[in-house]
Amino acid sequence: MTYTDMMKCFANKAKHYTPHQCKLAIADIDATLHLQLQMKKGWEDSDYIIKLNCERDAMLDRLRVSR
């Protein structure tokens with residue numbers, strides 16, 4: 001799945017989120033990214049890290065639109 005495909009999927013998921021839900025999701029994603037990067041140094045480009053960053057981007061886009 002390409003980044004664009006994932007972005008469409010996560011944007012669809014986020015479109016029903018409130019700004020508060022987006023902020024909570026971003027905080028959760030940030031915590032998970034932090035743990036993953038600590039545990040797996042050098043894996044910054046893994047599929048899971050890319051997926052988390054894509055989901056985070058979709059939540060940030062939703063926050064921008066909801067303001």
Side-chain angles (χ1 to χ4, degrees):
M1 183 178 279
T2 68
Y3 187 86
T4 303
D5 293 335
M6 283 192 294
M7 195 63 185
K8 288 177 189 175
C9 177
F10 289 124
N12 189 47
K13 174 183 175 181
K15 74 180 177 183
H16 300 293
Y17 279 32
T18 65
H20 180 70
Q21 288 171 311
C22 288
K23 290 175 187 176
L24 290 174
I26 291 166
D28 186 52
I29 292 165
D30 286 346
T32 304
L33 282 168
H34 180 75
L35 289 172
Q36 285 293 313
L37 294 176
Q38 278 186 329
M39 292 175 7
K40 298 181 180 182
K41 297 252 186 249
W43 288 44
E44 290 85 0
D45 62 345
S46 75
D47 290 341
Y48 186 58
I49 299 298
I50 294 167
K51 176 243 174 230
L52 287 171
N53 280 307
C54 184
E55 186 172 9
R56 188 178 191 282
D57 288 346
M59 295 299 158
L60 288 170
D61 287 350
R62 173 68 179 135
L63 271 178
R64 285 185 204 103
V65 170
S66 65
R67 291 183 180 173

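- Taking SG from C54 and CD1 from I49, the interatomic distance works out to 13.0 Å, rounded to the nearest 0.5 Å.
- Note: Q36 CD to I29 CD1 = 12.5 Å, rounded to the nearest 0.5 Å.
- Minimum interatomic distance between A58 and A11 (heavy atoms only, all atoms of both residues): CB-N, 3.8 Å.
- Residues R64 and L60 form a side-chain contact, since some pair of their non-hydrogen atoms from C-beta on lies under 4.5 Å apart.
- Formation of a donor-acceptor pair under 3.5 Å by the R62 side chain with backbone atoms of Y17 is found in this model.
- To the nearest 0.5 angstrom, L52 atom CG is 11.0 Å from D47 atom CG.
- Distance CE/M7 to CG/N53: 11.0 Å, rounded to 0.5 Å.
- In this structure, M59 and F10 have side chains that are not in contact, with every pair of non-hydrogen atoms separated by 4.5 Å or more.
- Paired with K23 under the rule side-chain contact (heavy atoms from CB on, under 4.5 Å), one option of D28, T18, L63 passes, and it is L63.
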Handout entry: Verdict with reasoning, K13 to E55, per side-chain contact (heavy atoms from CB on, under 4.5 Å)
Key = CA-CA 9 Å; K13 174 183 175 181; E55 186 172 9; 2.9 Å; yes

